[in-house]
Protein chains: 2
Amino acid sequence: MNAPTFRNWQSVQDEVLRRIHAREWAPGDLIPNEADLAVEFGCARSTVNRALRSLAGSGLLDRKRKAGTRVAAQPVAKATLDIAVIRHEVEEHGFKYGYQLSVREIAVPPLSVSGAMKIVADARILHVRALHLADDEAYAIEDRWINTLIVPDAAAETFQSVSANEWLMKYAPYTHGEIAFSAMQASAEDAEIMAVPEYSALFAMDRLTWDGEASVTKVRLLFAPGYQLRTGL
Amino acid sequence: MNAPTFRNWQSVQDEVLRRIHAREWAPGDLIPNEADLAVEFGCARSTVNRALRSLAGSGLLDRKRKAGTRVAAQPVAKATLDIAVIRHEVEEHGFKYGYQLSVREIAVPPLSVSGAMKIVADARILHVRALHLADDEAYAIEDRWINTLIVPDAAAETFQSVSANEWLMKYAPYTHGEIAFSAMQASAEDAEIMAVPEYSALFAMDRLTWDGEASVTKVRLLFAPGYQLRTGL
DNA sequence: AAGTGGTCTAGACCACGCG
DNA sequence: GCGTGGTCTAGACCACTTA
């Protein structure tokens, strides 16, 4: 029954997980502090800290100075999604990637776009629409507005062979952004482009990225029916 | 031009971000090793390590032993989603939460379910269907199968006042799981339950959780039209 | 006021994986 | 082989928060 010593932070983490799982530490319970656990586990406090901090990061523990560490009563599952360049996503699934540019214009965006991007309502910026294909079938429609005041280089790009999706990832760094997922009915136009029935349910991903205070780009990706965004828990 | 010293790992991280952003370190570039950076920044190597490890975790750097640290050429954006209990989600938006159980039965699941859960095809397990409401309007339909071999306590729960969604979060720990998001057309039945037009586009979240080798529960949540899953980047 | 987690340090050893 | 990141240690100081 003598505890083996734990030699690395992952084994400490595993042991903590085991105790939570075995209900030795039930949801809501206060667990021993780092110093005590370090003694018990036979390792340095920083090792315990690393393990517990990581678990707190994944939502399983709630930590507060002075108050101590508690097992989360209602663990909020944290799922991490990897949002890659579409071409890579398609090729990783073993399909042939295709790309068709349909619109490239300098235009005044709708108010919903200029408002979200915090640019003056009558500013003319770059608008790009394109279709991404997997094995010659529609994969996703990209509808994007690019703030050419912030990314002037984009104005020189034709986006005929390299998608804006890919180009921006490489040449337009951002400091932060927002992303939203939803389900949308295909418009008549979208349905025709994708060659799917009208009112099909499409998976929508809306992204808005910022460079400091200035918006970089706003994009809506509409994925063909059947698309799934997956990850582990 | 004399470099200020960096006193904590976040300021080191900010400086590294600045350099990447300013293209002093371009995508694909090899950056100095930890020891050198520690000297330059006037801090301990472990501080630099913490900063770089964190950036690698968010996909902005690629690190390999011996090969060193490179700025990611195609940064894969990592978005972290917080999947909370539905009741909390609704209440946080300021709505009144409601819940209606519609089905609670012991039944043989369809093959798609028993297959995914890796249970024998004719096993009878617990099936629950329920509607979650926000301000008396349909918010989400929950359709869930619970492996009562693994979670025997669930068989004693009526789920009449506490949703399975909430109960399981508290009493059925899991070691890992999978989650998938997609868009689906509302079936006639779903549309009626939610009081929305047939074929509306619904946001679907499928989750399957495991306790070691055994499946715990499989759930599909269908969210009413308009639902958005949001997060930062 | 005092206990807790958050972080930094300086040094050390190790595992991986290029060359 | 050997340079790199990955990690551990023992000790220290600090910031936050609760009692």
**OP:** Answer yes or no: does a side-chain N or O of B/N49 lie under 4.0 Å from OP1 or OP2 of D/dG6?
**Re:** yes

Original post:
If you check every side-chain atom of B/T47, which of C/dC8, D/dC13, D/dG5 has the closest atom?
Top reply: C/dC8

Original post:
Within this structure, what is the CD-to-P distance between A/Q10 and C/dA15, rounded to whole angstrom?
Top reply: 14 Å

**OP:** Mind jotting down which residue pairs meet the salt bridge (Lys or Arg N to Asp or Glu O under 4.0 Å) criterion with at least one end in residues 52-69 of chain B? Sequence neighbours excluded, please.
**Re:** B/E34-B/R63

Original post:
Residues two or more places apart in sequence or in another chain: which of them pass side-chain contact (heavy atoms from CB on, under 4.5 Å) with B/D36?
Top reply: B/P32, B/N33

Original post:
Side-chain N or O of A/T69 less than 4.0 angstrom from OP1 or OP2 on C/dT4?
Top reply: no

Subject >> Nearest-Å distance for atom pair CZ/C1', residues B/R45 and C/dA12 >> reply: 10 Å

Subject >> salt bridge (Lys or Arg N to Asp or Glu O under 4.0 Å) partners of residues 211-221 of chain B, not counting sequence neighbours, each pair once >> reply: B/D206-B/R220

Subject >> Integer-rounded Å distance: C/dT7 C1' and B/Q13 CD >> reply: 14 Å

Original post:
What pairs of residues pass the salt bridge (Lys or Arg N to Asp or Glu O under 4.0 Å) test when at least one of them lies in residues 84-98 of chain B, not counting sequence neighbours?
Top reply: B/R87-B/E91, B/R87-B/E166, B/K96-B/D136

Original post:
Does anything in residues 57-68 of chain B reach DNA chain D, meaning a heavy atom under 4.0 Å, and if so which residues?
Top reply: B/R63, B/K64, B/R65, B/K66, B/G68

**OP:** Using the test side chain to side chain donor-acceptor pair (under 3.5 Å), find all partners of B/Q100 that sit at least two apart in sequence or belong to another chain.
**Re:** none

**OP:** Any salt bridge (Lys or Arg N to Asp or Glu O under 4.0 Å) involving residues 145-159 of chain B? Give me the pairs, sequence neighbours left out, ordered by first then second residue.
**Re:** none

Subject >> Under-4.0 Å side-chain N/O to phosphate OP1/OP2 contact, A/S46 with C/dT7 >> reply: no

**OP:** Grab the CZ-P distance between A/R50 and C/dG6 for me, whole Å please.
**Re:** 14 Å

**OP:** Would you indicate which nucleotide in D/dG5, D/dC8, C/dT7 comes nearest to any side-chain atom of B/W9?
**Re:** C/dT7

**OP:** Provide, to the nearest angstrom, the distance between the CZ atom belonging to A/R70 and the P atom belonging to C/dG5.
**Re:** 11 Å

**OP:** State which residues pass side-chain contact (heavy atoms from CB on, under 4.5 Å) with A/K78; sequence neighbours excluded, sorted by chain then number.
**Re:** B/T80, B/D82

Original post:
Should we count NE2 of B/H88 as having more than 12 external heavy atoms under 6.0 Å?
Top reply: yes

**OP:** Mind listing the residues from residues 27-38 of chain B sitting with a heavy atom below 4.0 Å of DNA chain C? Number order is fine.
**Re:** none

Subject >> By salt bridge (charged side-chain N to carboxylate O under 4.0 Å, His left out) - contacts of A/E137 (at least two apart) >> reply: none

Original post:
According to the interplanar angle, ranging from 0 to 90°, do the rings of B/W167 and B/Y171 count as parallel (below 30°), tilted (30 to 60°) or perpendicular (above 60°)?
Top reply: tilted

**OP:** Under the side-chain contact (heavy atoms from CB on, under 4.5 Å) rule, collect the residues that match up with A/L17, sequence neighbours excluded.
**Re:** A/Q13, A/D14, A/L55, A/L60

Original post:
Given axes from five pairs at either end, by how many degrees does the helix from C/dA1-D/dT18 to C/dC18-D/dG1 bend, rounded to 10°?
Top reply: 20°

**OP:** When you get a sec, tell me which of D/dT7, C/dA10, D/dT9 is the closest nucleotide to the side chain of A/C43?
**Re:** D/dT9

